[in-house]
Amino acid sequence: MKATLSWLVLFLGGTIISQSEVLASKSSLSDVKRVTNLGTVSNKFIVELSEASEIPSKRALGTQHEELYRFLRKRKITFDVHKEYDAPGIFIGAALTLADSQDVTDILKLDGVVAIRPVRTYTPPKPISSRPVSPGDAGLPDSEATHITTGVDRLHAQGITGKGIKIGIIDSGVDYTHPSLGSGFGPGFKIEGGFDFVGDNYTGDNTPVPDSDPLDQCFGHGTHVAGIIGANPGNEFNISGVAYTATIYAYRVFSCQGLTSDDIILEALLMGVKDGMDVLTMSIGGPDGWTTATVMVVSSRIAASGKIVTIAADNNGASGSWFSSRPGNAIDGISVASSDNTALPLQTLTVEGVEHAPIFYYDTFPLPINGTLPLYATSNDTTVADDACNPLPASTPDLSKFVVLVRRGTCVFATKLANIAAFGAKTALFYDNGIGFASIQVGNFTAALIQAQDGVFLGQHLAAGEAISVTFPQSGGVAQYPLPNGGLVSAFTSYGPTNDFYFKPSITAPGGNILSTFPVPLGSWIVDSGTSMAAPFMAGSAALLLAVQGRTTSVAKTARTFFQATAKPISSSFTNGSPFQTVTQQGAGLVQVYDAIFSTTLLSHTELVLNDSTHFAGLQRFTVTNTGKTGKVYTLSHLPAGTAVTVTPDTIFPALGPVPLLTQYATVSFDTAEFTLLPGHSHEVVATVQPPSGVNTTTFPVYSGFIYVTSGNESVHATYIGLAASLKDKQVIDNTDFVFGVPLPALLDSFGNFQDGPLNYTLVGDDAPTVLWRQAFGTPVLRLDLVTADTTLVGALNPRTPISFTNSHAGGSFAKVQILGPLLEMDYLNRNDEGAFLDNTFVLSNVFANGSGIPIDASCRVLLRSLRVTGDPANEADYESWLSPIIGVVA
Ligand SMILES: *[C@@H]1O[C@H](CO)[C@@H](O)[C@H](O)[C@H]1NC(C)=O
Ligand SMILES: *[C@@H]1O[C@H](CO)[C@@H](O)[C@H](O)[C@H]1NC(C)=O
Ligand SMILES: *[C@@H]1O[C@H](CO)[C@@H](O)[C@H](O)[C@H]1NC(C)=O
Ligand SMILES: *[C@@H]1O[C@H](CO)[C@@H](O)[C@H](O)[C@H]1NC(C)=O
Ligand SMILES: *[C@@H]1O[C@H](CO)[C@@H](O)[C@H](O)[C@H]1NC(C)=O
Ligand SMILES: *[C@@H]1O[C@H](CO)[C@@H](O)[C@H](O)[C@H]1NC(C)=O
Ligand SMILES: *[C@@H]1O[C@H](CO)[C@@H](O)[C@H](O)[C@H]1NC(C)=O
Ligand SMILES: *[C@@H]1O[C@H](CO)[C@@H](O)[C@H](O)[C@H]1NC(C)=O
Ligand SMILES: *[C@@H]1O[C@H](CO)[C@@H](O)[C@H](O)[C@H]1NC(C)=O
């Protein structure tokens with residue numbers, strides 16, 4: 001195996017971008033921090049070593065680890081060892097801190113070093129919304145709804161609940177004192193084992209304080225995850241986990257701060273394997289776009305070795321296409337998208353004086369209002385736009401004894417509340433004006449939102465002179481509000497595919513509005529949303545599959561195939577005639593656990609990757625096996641999904657979510673559309689896919705869909721994705737002034753101003769320029785070099801530079817171009833997010849990346865080069881280049 005230097009950089013720090021933040025407008029140069037932003041833990045690296053058997057000559061000298069340290073000492077490299085990894089067949093290596101990060105180049109030269117990668121930090125995918133619920137609110141069938149839409153209820157009815165299967169949760173630990181999680185820890189308990197790798201105060205780059213107790217009573221994320229898998233039935237909410245008799249191990253990698261890092265996750269993964277977990281699940285993520293980072297490579301190897309690894313697809317749907325996540329992109333793992341639950345527990349009020357069913361108001365807890373109060377409307381016109389936006393007329397009565405009914409709109413709720421409070425009002429009901437039924441900001445005022453039709457009904461009856469009063473039941477008022485998007489893919493789910501065109505996400509499971517356990521000191525129960533909730537649902541489903549089909553590596557290796565083949569494609573909306581959601585957000589569809597487990601038709605492949613137009617694989621073959629007891633006649637058919645317009649027309653930027661869909665579809669033909677299989681027999685399907693016509697390649701349309709194999713009431717499918725354009729045509733460097741109002745890439749001077757001509761620097765301390773750039777698309781190789789001032793390029797950003805490259809990029813002599821020295825190389829860099837406007841920065845110092853000093857009196861420029869996706873690292877024409885203004889180095 002060849003050594004590679006991989007700077008796999010997390011620029012976005014796992015931040016979750018909400019829709020409103022995305023709509024925030026452009027950034028200012030003064031917001032750019034003049035520090036190198038590599039998103040990594042400073043000077044901490046993971047070195048991967050080859051297996052001992054691969055370097056027989058070295059075996060006599062001791063372990064690979066000792067060999068590495070001996071080499072480092074010989075080279076006078078100062079280092080600290082944080083962790084050693086020794087899992088033959090999966091990962092051998094060490095996490096090191098180097099006194100000087102420039103030493104990575106030297107370390108790569110050692111025989112037996114496979115790769116060295118910086119350590120990055122992670123946050124758990126943040127809950128999109130989170131709502132505490134009251135233990136008094138009995139009878140919420142929330143988790144039941146998710147079980148019904150996926151067939152888990154039918155398995156539970158047959159007594160299939162995951163007994164004997166071990167699931168390792170890599171998360172924030174768990175509050176095992178929770179009565180629904182078994183009230184204990186250790187042998188004989190539901191939470192049988194685990195480990196705390198971090199302690200309460202880990203920030204990602206301080207010293208972790210590990211111990212053997214994974215208790216979490218401060219953060220809660222892992223406890224919610226654990227309940228989705230394993231909550232015991234018979235609790236006050238009448239819910240249950242998907243696999244509630246499975247055995248759980250909790251590996252705590254998030255502290256109370258909710259931060260972790262690569263080296264810790266790696267350790268947890270390897271301990272999970274050692275402890276004999278059948279399933280490992282991670283609700284962890286950060287934007288990446290590639291499949292190459294250590295945690296992904298290791299997760300994928302663990303999956304390939306016959307464990308099931310389920311990973312959240314992440315919550316960056318608002319950022320649009322080509323924004324898949326680490327470690328979700330682990331090639332052989334199951335990356336899980338989220339679907340919205342069909343119902344949400346909300347409170348209701350009852351009405352007297354007119355005939356009306358109980359009315360939903362948007363709150364988890366009852367409004368604290370005793371008894372029955374009369375209703376007063378601030379306007380008798382239920383179409384008035386600015387109801388209560390102005391001071392109420394002097395004729396308004398004392399409102400302290402009323403519940404005041406106000407129409408939403410024009411001004412903020414606080415204004416309306418101030419106007420009614422001026423007449424003594426203490427409680428209010430707002431009715432929606434079409435914006436949408438949701439939680440509203442009313443500060444500490446006792447008020448909630450009701451739906452438009454309910455408000456109009458009440459308002460019209462008040463206007464007709466009828467006396468109406470309302471009651472807010474303090475218990476038993478909760479009911480299931482049917483969510484309008486229930487069952488659709490949650491808008492927050494991150495979109496794939498990966499930049500190297502792997503099929504991600506893999507599948508969808510319920511993750512939007514999920515009620516589950518929470519640490520006892522934090523309230524015991526909570527409703528959360530996120531792919532963090534979908535991944536454990538899949539982990540529980542995997543446990544049910546293993547419980548029925550057997551705890552064998554062969555079952556584990558085919559699990560994803562079974563689940564994908566039987567998943568149910570999800571529409572993009574409930575509007576008639578709308579296309580199915582792009583596979584780049586839903587994967588193979590919503591998991592159908594019962595169907596997956598009892599399917600009697602097996603497909604050899606369920607992910608058909610047609611790749612881009614340059615590497616087009618339009619001829620696809622997969623084998624259908626009849627594993628049933630009777631002969632079957634199968635027919636083949638095609639169900640297309642919407643074609644995703646992944647790049648906004650007339651721009652170089654990926655479209656933000658929800659990604660627009662076209663109904664121009666691929667067409668699929670088969671060599672035979674029907675075939676018969678006796679029990680145990682197989683048939684190879686040959687499908688020819690023709691990409692959609694009439695789509696514009698400049699928008700990089702990703703087409704996708706499902707090839708169905710149907711026999712009677714049983715149908716399974718393989719899912720395809722393809723790109724109707726060439727990835728190499730995608731511009732990777734943002735050379736627009738869209739974000740900062742100045743063209744990028746750019747140099748900022750020591751005051752943070754745009755440098756538009758030659759400038760002198762000492763390159764000491766703050767007196768140094770900052771290179772500021774953004775990736776409009778992911779890049780396999782990004783390099784910064786210092787070149788002489790007289791170097792020229794044709795055009796500011798030229799994909800066909802006059803410079804000729806001769807070597808591959810490994811090592812220091814990348815190109816024939818006269819470079820003074822290398823500044824930075826990063827491999828497999830993700831794109832920047834157009835919405836959050838985060839950027840990449842590198843501050844020059846007076847040394848090159850190889851450690852030698854930058855000469856005083858040099859007159860030079862920064863040469864930035866970024867390789868296009870699928871480009872050849874040795875081919876100049878595959879790079880985009882940019883030359884900075886002149887930098888004079890002075891004493
Ligand atoms: C509790 O859930 C079970 C199914 O799990 C259902 O049969 C039962 O009716 C539910 N009970 C209540 C009180 O909702
Ligand atoms: C964690 O940090 C808190 C607050 O800084 C401190 O009180 C506590 O002692 C720390 N705990 C450990 C184990 O270091
Ligand atoms: C409602 O009544 C209960 C019981 O009498 C009392 O504890 C509570 O304070 C009252 N709440 C309000 C808002 O008046
Ligand atoms: C409600 O909030 C306002 C402003 O934050 C504050 O002045 C007032 O005291 C609060 N009232 C109560 C009852 O907490
Ligand atoms: C609305 O109409 C009713 C019945 O005519 C009347 O009593 C009430 O004062 C009116 N409200 C307002 C705000 O004008
Ligand atoms: C798509 O094609 C590129 C170029 O050949 C290749 O590197 C990549 O692995 C392919 N993707 C998949 C998922 O096969
Ligand atoms: C494709 O889109 C580009 C950019 O929007 C436009 O210039 C071009 O005319 C379009 N091509 C076709 C065939 O519609
Ligand atoms: C399909 O039909 C057969 C025969 O009618 C029945 O036994 C079986 O339960 C059905 N399967 C499903 C998944 O509905
Ligand atoms: C940079 O320094 C050189 C040498 O001292 C001087 O000749 C030149 O004018 C300076 N350039 C700028 C832009 O200050």
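We count ligands from 1, going down the list as the structure has it; atoms in each ligand are counted the same way.
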Taking 4.0 Å as the limit for heavy-atom contacts, which would you say applies to A464 with ligand 5: side chain only, backbone only, both, or neither?
neither
Do T646 and W322 have side-chain atoms, one donor and one acceptor, less than 3.5 Å apart?
yes
How far is atom 13 (C) of ligand 6 from its nearest protein heavy atom, and which residue and atom is that?
F501 O, 3.0 Å
Any side-chain donor near an acceptor of the partner, T446 and T427, under 3.5 Å:
no
For atom 9 (O) of ligand 6, which candidate among Y502, F503, F616 provides the closest heavy atom?
Y502
Which is it for V890 and ligand 9 at heavy atoms under 4.0 Å: side chain, backbone, both or neither?
side chain
Can you check side chain to side chain donor-acceptor pair (under 3.5 Å) on T762 and D767, steps first, answer last?
CA-CA 6 Å; T762 60; D767 188 25; 2.9 Å; yes
Using a 4.5 Å cut-off on heavy atoms from C-beta on, say whether the side chain of F700 contacts that of P654.
no
Does any donor atom in the side chain of D386 or T410 lie under 3.5 Å from an acceptor atom in the other side chain?
no
Among all protein heavy atoms, pick the one closest to atom 10 (C) of ligand 9 and tell me residue, atom and distance.
N760 ND2, 2.4 Å
Among V668, I707, V689, side-chain contact (heavy atoms from CB on, under 4.5 Å) partner for L608
I707
For Y703 and Y720, take the angle between the two ring planes, folded into 0 to 90°, and tell me which bin it lands in: parallel under 30, tilted 30 to 60, perpendicular over 60.
tilted
What residue and heavy atom of the protein are closest to atom 4 (C) of ligand 5, and at what distance?
A463 O, 3.5 Å
Does the pair N329 and T291 meet the rule for a side chain to side chain donor-acceptor pair (under 3.5 Å), with working shown?
CA-CA 5 Å; N329 286 350; T291 55; over 6 Å; no
Heavy atoms of other groups near H605 NE2, more than 12 under 6.0 Å
no
Are T372 and T471 close enough that a side-chain donor and a side-chain acceptor fall under 3.5 Å?
yes
Where is the nearest protein heavy atom to atom 1 (C) of ligand 6: which residue, which atom, and how far?
N611 ND2, 1.6 Å
V609 neighbourhood, listing ligand 6 atoms whose heavy-atom distance to it stays under 4.0 Å
13 (C)
Side chain, backbone, both or neither: T378 near ligand 5, heavy atoms under 4.0 Å:
backbone
Looking only at side-chain N and O atoms, does Q731 offer a donor or acceptor that is under 3.5 Å from a partner on E880?
no
heavy-atom search around atom 5 (O) of ligand 6 in the protein gives H615 CD2, 3.1 Å
Can you report which non-hydrogen protein atom sits closest to atom 11 (N) of ligand 5, along with the distance?
N380 ND2, 2.9 Å
Any heavy atom of P393 sitting closer than 4.0 Å to ligand 5?
no
Can you list the atoms of ligand 5 that are under 4.0 Å from a heavy atom of G465?
4 (C)
Ligand-side contact atoms (ligand 5) for residue partner A377, heavy atom cut-off under 4.0 Å:
13 (C)
Within the 4.0 Å heavy-atom shell around P758, which atoms of ligand 9 are there?
13 (C)
Does the protein place a non-hydrogen atom closer than 4.0 angstrom to atom 7 (O) of ligand 5?
no
Note: ligand 5 atoms sitting under 4.0 Å from heavy atoms of Y376 are 13 (C)
